[in-house]
Amino acid sequence: MLSGDGSFFILNRRKFNMSYKHLQIEQKWRDYWKDNETFKMTDDPAKPKFYALDMFPYPSGAGLHVGHPLGYIATDILSQFKRKQGYNVLHPMGWDAFGLPAEQYALDTGNDPAEFTAKNIATFKRQMDELGFSYDWDREVNTTDPKYYKWTQWIFIQLYKRGLAYMDEVAVNWCPALGTVLANEEVIDGKSERGGHPVERRPMRQWVLRITEYADRLLEDLDDLDWPESLKDMQRNWIGRSEGAQLTFAVEGSEQSFDVFTTRPDTIFGATYAVLAPEHKLVDSITTPEQKDAVAAYLDKVKLKSDLERTDLAKEKTGVFTGAYAVNPASGEKMPIWIADYVLVSYGTGAIMAVPAHDERDYEFAKEFGLPITEVVAGGDIEREAYTGEGTHVNSGFLDGLGKDEAIEKSIAWLVEEGKGEKKITYRLRDWLFSRQRYWGEPIPIIHWEDGTMTAVDESELPLELPVTGDIRPSGTGESPLANITEWVNVVDPETGMKGRRETNTMPQWAGSCWYYLRYIDPKNDDMLIDPELAERWLPVDIYVGGAEHAVLHLLYARFWHKVLYDIGVVKTKEPFQKLFNQGMILGEGNVKMSKSLGNVINPDDIVHSHGADTLRIYEMFMGPLEASKEWSTNGLDGSRKFLDRIWRLFVNEDGSLGSKIGGESDGTLDKVYNQTVKKVTEDFEGMHNNTAISQLMVFINECYKADRVPTEFAEGFVLLMSPITPHLAEELWEKLGHEGTITYVPWPTYDADKLVDDTVEIAVQINGKVRAKLEVDKDITKEELEKAALANEDVQKWIDGKELKKVIAIPGRLVNIVAVG
RNA sequence: GCGGGUGUGGCGGAAUUGGCAGACGCGCUAGACUUAGGAUCUAGUGCCUUCGGGCGUGGGGGUUCAAGUCCCUUCACCCGCACCA
């Protein structure tokens, strides 16, 4: 629509009020704010603080689309609202700028990812400015800036020093054809997304963060957070705490043994076989010579399956017998040891005791391979299916006759006594795979020495900068492209002369976003991550708004780092984000996702041009509740613009002077609706119910149109109420009302509760629950008087004539309900 | 399968503790103004109706003087997790 005949704009000039020139007005105030540094935050300890945070974006090449600003508008409204309420507001923005797309783009075009990123950031920033966001750009952070990632690296070193960062052999997606390791999302159906080459699981030495050590605290501290319950549940499920027992099984005829984890140690007498995950380290050593070939064949088959496929193809159980047996510590029976991929190496101990009578998966497997099934809990029919319900224990020796909870307790006590097991808590949460074999990320500040030791880079040498290079192609060895930059990789200890090699892995995109909310508070501090006094004043974040797609990973990782920083005394709060809000999505017309391929992406630049930034802001808030997914509607957008036109016509005459209705003292006409509006808008902004706040503002304007005049006090109050939503329009009207300078810090209007109620109220009278009449009565009427008045009413008389009155419920201020029969 | 959520006019959505369902906007209808109207202003707009009224918040049942709201049951859709021992 920006190309060609330009008819779109001609159309819109006719469609909308010509005297409300949004392009001029919006530009004028953007310039004013910039020239006067209106939104620069100066910390005033005398004021209460408010920290409104958005999830900062990845600056992609595509720029913003209309879905992006939804949450940003909401936090901006809250920020502008709080400023007027006398808060010191911290409302910053920054860039999560490391990440794969820039690296891919650089590979494709031969450009430097840093240049590409800088260009994208400039576009995002321009777009945000044009939407009138009140960010303090002096506090902008950029995760790819060495001054910023100096501290990301510093945090890594603290993790390393505390034993929370370690190296381990982890299976990764290795693509031999591309010579690189792929992220899970780059692997589709076992093939590489780029080129469709085969991908295999291959163990490599990786950095891992010990987040599991914080699992309990991450779980417990959720309780006190003001987050959506569904999101807290997602985190709880992700952490997946599970109580049970760990017990040891001896392998018959060998010195070896293996541990299993079970939540049902009480069913131990029903364990008729054991299963190891294919990757279990005992697999090789216990397999008997006769079974070697079968086991090898099975392992080959499994290796080609990705994690996803292994779970997808869940219908049929597969497995192979090792030839070895374990001994059931309770019954003394021999249990064949099998290998099957329904047991995951990454959960528990990677091995299970199978109780087919009381576990659906074990039951299926036992049926498939003809393994024995022994009932130990009565109540089901194990001929037909596994019984997982409650029941009395049978065939279980000393557990016979007990119920589930008692049996669990007693079995654990017995295991402990016999030295064969113990109580154990297991988590679904796994340690965090932290290294990436990529160029465009924070270098991990570790040096591997030729004597086999490794050390962290000295903190005084940070930041360890990412070397600029023209060649960021994969090294081909599975190492990151940094491995090719010999002058960077190779180091010599100046004191001992020992040679070493820098870690070539880089950090994942999550790293920089784990702590950015801290840096906004003290963005230019070169001596420490954050000044402790400032941290104490500004934390926790009062409101954090972002998409639900980050419900688990980002929010869990950031909480983890925050707790580590708490432990080392950097911050004084246990949690970073006290209150969190997930905004919904904006869908294209037809309720489909906006996407390039569908061609239904709406670019905010176009709307800012055609309708104005204020229209876009108010429309996105008026569409519906912030948390809901909503369909974009051009008609709805026009409606929002019409509302602004309506305001403009009320406040401004054709010749640009202050509207002729505006001015003077109140004659009482608008008192009630004005005070209601102040009350509702104030409460709604506080609770982020911006859609209903706007509807109340519309009600007020409708009433103004019906009134002869709008007193100055109400006109000014209204402009203040509008200003967080439509800041440009509000500034312009504020000026028309005769004020100089910005409206930003003008105190928020208050309401007079006495003006909210009339002297008389309308009361509905129901007969048998149906409204049959309305009464106009004094607001302070008593219950008895109300009842009398209702029964005396003509319409009511008509309805109850000849009937027996069973009961009359009269509630002053609400209604009267008369129960009559006959 | 497990966990969480949502179902209200033609459409987006409002409705404190259970107390007049449908605020506000879009759309639609009529009138006014007008050379003109996709502008503006005013009024109307849940459905049915024999004009008395009746029926209405996904369906069925219940509690209550009173249910969109509470309880039971059922259906549909959405989100997350998914062989987690």
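From a predicted model like this one, the values you see are computed outputs, not experimental measurements. A, B, ... follow the sequence lines: proteins, then strands. Residue 1 opens every chain.
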Polar side-chain atom of R641(A) near backbone of T615(A) as donor-acceptor pair, under 3.5 Å: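 Checked: no pair found.
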Under 3.5 Å donor-acceptor, S257(A) side chain and T248(A) backbone: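 Side chain of S257(A) to backbone of T248(A), a donor-acceptor pair under 3.5 Å: no, none is there.
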If you only use heavy atoms from C-beta on, which nucleotide in [options] is closest to the side chain of [X]?
X       : options                : result
V699(A) : G13(B), A85(B), C24(B) : C24(B)
K706(A) : G54(B), A43(B), C20(B) : A43(B)
K630(A) : G80(B), C24(B), G13(B) : G13(B)
K642(A) : G3(B), U40(B), C81(B)  : U40(B)
N702(A) : G13(B), C24(B), C65(B) : C24(B)
F261(A) : G53(B), A85(B), G4(B)  : A85(B)
Y347(A) : C83(B), A85(B), U42(B) : A85(B)
D233(A) : G4(B), G53(B), A66(B)  : G4(B)
S230(A) : G54(B), C41(B), G4(B)  : G4(B)
W238(A) : C81(B), G19(B), C20(B) : C81(B)

Geometric cation-pi criterion K661(A) and Y705(A), 6.0 Å radius, 45° cone: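 Output yes; distance and angle both within limits.
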Pairing check on [N]: which nucleotide meets the Watson-Crick or G-U wobble criteria with it, both distances under 3.5 Å?
N      : result
G25(B) : C11(B)
U17(B) : none
A30(B) : U42(B)
C81(B) : G1(B)
U57(B) : none
U50(B) : none
A67(B) : none

[X] [atom1] to [N] [atom2]: how many Å, rounded?
X       : N      : atom1 : atom2 : answer
W632(A) : G25(B) : CH2   : P     : 19 Å
L231(A) : G5(B)  : CG    : P     : 13 Å
M621(A) : G13(B) : CE    : P     : 14 Å
D795(A) : C20(B) : CG    : P     : 19 Å
D638(A) : G37(B) : CG    : P     : 20 Å
N691(A) : A15(B) : CG    : C1'   : 12 Å
L587(A) : C79(B) : CG    : P     : 10 Å
N768(A) : U64(B) : CG    : C1'   : 13 Å

Nearest-nucleotide comparison on RNA chain B, the residue closer to the 5′ end among K798(A) and Q766(A):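 Nearer the 5' end of the strand: Q766(A).
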5'-most by nearest nucleotide on RNA chain B - S629(A) or S346(A):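 Its nearest nucleotide lies further toward 5', so the answer is S629(A).
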Where the chi angle of G9(B) falls, syn if within 90° of 0 and anti if not: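 Base orientation relative to the sugar is syn.
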For G52(B), glycosidic torsion class - syn if within 90° of 0, otherwise anti: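 Because its glycosidic torsion lies within 90° of 0, G52(B) adopts the syn conformation.
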Looking only at the side chains, is there a donor atom on one of [X] and [Y] sitting less than 3.5 Å from an acceptor on the other?
X       : Y       : answer
R646(A) : N702(A) : yes
T760(A) : D778(A) : no
N653(A) : S660(A) : yes
Y298(A) : T318(A) : yes
T212(A) : D431(A) : yes

Tell me what [X] touches on the nucleic acid: a base, only sugar-phosphate, or nothing, going by heavy atoms under 4.0 Å.
X       : answer
S242(A) : sugar-phosphate
E762(A) : base
P228(A) : nothing
K770(A) : sugar-phosphate
Y705(A) : sugar-phosphate

[X] (side chain) and [N] (base): donor-acceptor pair under 3.5 Å:
X       : N      : answer
N635(A) : C26(B) : no
K806(A) : C65(B) : no
R814(A) : U16(B) : no

Audit row: F365(A), Y273(A), ring-ring contact (aromatic ring centres under 6.0 Å, His included) steps and yes/no: CA-CA 10 Å; F365(A) 191 81; Y273(A) 64 100; 5.7 Å; yes
Residue-phosphate contact under 4.0 Å: [X] side-chain N/O, [N] OP1/OP2:
X       : N      : result
R428(A) : A82(B) : yes
R772(A) : G53(B) : no
T349(A) : A85(B) : no
R649(A) : C41(B) : yes
K807(A) : C65(B) : yes

Euclidean distance for C1', G46(B) against G22(B) (whole angstrom):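 The same atom, C1', in both gives a distance of 7 Å.
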Span that lies between the P atom of A43(B) and that of A23(B), in whole angstrom: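 Each nucleotide's P atom is 15 Å from the other's.
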